[in-house]
Amino acid sequence: MSILQSMKKAAEQVTGVARPGRRQAADLVRPRKPNEFRFRDDGLVPNHPSWPLVVYRSAVRLPQDFDPAAVMEELFGANGWGDSWRDGIYDYVHYHSRIHEVLGVARGTAKVQFGGEKGRTLALKAGDVAVLPAGTGHQRISASEDFLVVGAYPASGTYDECTTAADHAKAVVTIPRVGRPRKDPVYGSEGPLLTAWKKD
C-alpha cells in the first residue's frame, strides 16, 4: 500500500470522515448476477480445480460523499473479509495457493489477465468486484493512472504469493484444501459466491 493511501486510510479510521458505516456500505450494493470464469492448470498457474473466478459488474455504487476505497473496505469487512489493502495489481502473473482474495475496484479502469497466459483478459472499472479462489492467476496488463484496488481476504487461510514453476507442485496440493469462505464479500451469507463455490 502506498504511503499516501496508508495515511488516508488511518485518518479515515480515526475520524470517520469520508468513511461509510457498515450499514451505509451495505446500502451501496446493487444486486448483480455473477459472471463466472473457469481456467485450466497451464503448468505454471494451477488455478482452482473446482471453483470459478466470480466477477460482479458495477456491484458497488461509489458516491462522492465517501472515499471509494473506504466503501470497499467497510463492505468487505462487514462480510468477514479483512486484512484489506489499497494499491494496484502487480504487472506480473501471480497467485495465492493458501487463501482466496477479493479485489474491489475503487477508482479508474484496468485490463487484468486472469488464469495465466491461457486465461482471459477482463476490463475492470470502478464499482466492479472480482473474487478469486485460491490458485487463480492474475496480473495487470494496463491501467488508467488513477487505478486503485482494495484487496481483502477471508478469515481462514494464509497469505502467500506464488510466481514460479517451482511453486506449482506444492500449490496443487494446498489449493483444494483452502476452505470455502462463510460469506460472499459483497452479498454476505446469501451471496451467489456460495452457490458458485459449492462444498465438495
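Everything quoted here is computed from the prediction, not taken from an experiment. Just so it is clear, the values below take in all heavy atoms, side chains as well, and ignore hydrogens, waters and symmetry mates. All residue numbers refer to positions in the sequence shown, counting from 1.
- Put simply, the side chain of H168 does not reach to within 4.5 Å of the side chain of V45, judged on heavy atoms.
- A single hydrophobic cluster is seen to contain both V105 and F37, as judged by linkage of ILVMFWY side chains at heavy-atom distances under 4.5 Å, directly or through other members.
- The distance from atom OH of Y95 to atom CG of L44, rounded to the nearest 0.5 Å, is 6.5 Å.
- Residues N47 and K118 have side chains not in contact (no heavy-atom distance under 4.5 Å, counting atoms from C-beta outward).
- In this pair, Y153 and H96 present their aromatic rings perpendicular. The plane angle is above 60°, beyond the 30 to 60° band.
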Test side-chain contact (heavy atoms from CB on, under 4.5 Å) applied to R57 and V129, step by step: CA-CA 7 Å; R57 297 288 189 182; V129 177; over 6 Å; no

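- A heavy-atom distance below 4.5 Å is not found between the side chains of N35 and L122.
- No hydrogens or angles considered: a donor-acceptor pair under 3.5 Å links the side chains of S58 and K125.
- In R120, the CZ atom is not crowded: 12 or fewer heavy atoms of neighbouring residues, nucleotides or ligands sit closer than 6.0 Å.
- Interatomic distance, W85 CH2 to Y159 OH, rounded to the nearest 0.5 Å: 7.5 Å.
- No side-chain donor-acceptor contact under 3.5 Å links R61 to the backbone of R30.
- One finds the OH atom of Y90 at 10.5 Å from the OG1 atom of T163 (value rounded to the nearest 0.5 Å).
- Taking OH of Y56 as the start and CG of D184 as the end, the distance is 3.5 Å to the nearest 0.5 Å.
- For CD of E161, the number of neighbouring non-hydrogen atoms (other residues, nucleotides, ligands) closer than 6.0 Å is greater than 12.
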Identify every side-chain donor-acceptor pair in residues 136-151 under 3.5 Å, counting partners at least two apart or on other chains, and give the distances.
unit_1	atom_1	unit_2	atom_2	d
T136	OG1	P133	O	2.8
H138	ND1	H94	O	3.3
H138	ND1	T136	O	2.9
H138	NE2	H94	NE2	3.1
H138	NE2	E101	OE1	3.1
Q139	NE2	D91	O	3.2
R140	NE	I89	O	3.0
S144	OG	T109	N	2.9
S144	OG	T109	O	3.3
S144	OG	D146	OD1	2.7

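- If you chain together hydrophobic residues whose side chains sit under 4.5 Å apart, V71 and V29 fall into the same group.
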From CA spacing to verdict: ring-ring contact (aromatic ring centres under 6.0 Å, His included), H100, W51: CA-CA 11 Å; H100 309 304; W51 297 341; 5.7 Å; yes

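- Listed for the N79 side chain is no donor-acceptor partner under 3.5 Å among the backbone atoms of W81.
- Contact record, Y187 with R32: OH-N, 3.2 Å, taken as the closest heavy-atom pair.
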Stepwise salt bridge (charged side-chain N to carboxylate O under 4.0 Å, His left out) check, D160 with K170: CA-CA 12 Å; D160 67 343; K170 287 182 183 177; over 6 Å; no

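- Side-chain contact between P154 and I99: present, with at least one pair of heavy atoms (C-beta onward) separated by less than 4.5 Å.
- A 6.0 Å sphere centred on CD of E117 holds no more than 12 heavy atoms belonging to other residues, nucleotides or ligands.
- Note: R22 CZ to R19 CZ = 9.0 Å, rounded to the nearest 0.5 Å.
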Steps toward side-chain contact (heavy atoms from CB on, under 4.5 Å) verdict (D67, E73): CA-CA 10 Å; D67 178 346; E73 289 163 354; over 6 Å; no

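- Between the CZ atom of R180 and the CG atom of L193 there is a distance of 8.0 Å, given to the nearest 0.5 Å.
- The nearest pair of heavy atoms linking Q113 to G116 is NE2-O, 2.7 Å.
- Enclosure of atom CZ in R182 is not indicated, since only 12 or fewer non-hydrogen atoms of other residues, nucleotides or ligands lie within 6.0 angstrom.
- In the hydrophobic clustering of ILVMFWY residues, with side-chain heavy atoms under 4.5 Å counting as a link, F114 and V93 come out apart.
- Contact detail for G21 and E74: the closest heavy-atom pair is C-OE1, 4.5 Å.
- The heavy-atom pair separating P34 from V54 by the smallest distance is CB-CG1, 3.6 Å.
- Taking both residues in full, the closest heavy atoms of A134 and V178 are given as CB-CG2, 3.9 Å, listed atom of the first, atom of the second, then distance.
- Considering every non-hydrogen atom in both R38 and P52, the closest pair reads NH1-CD, 3.7 Å.
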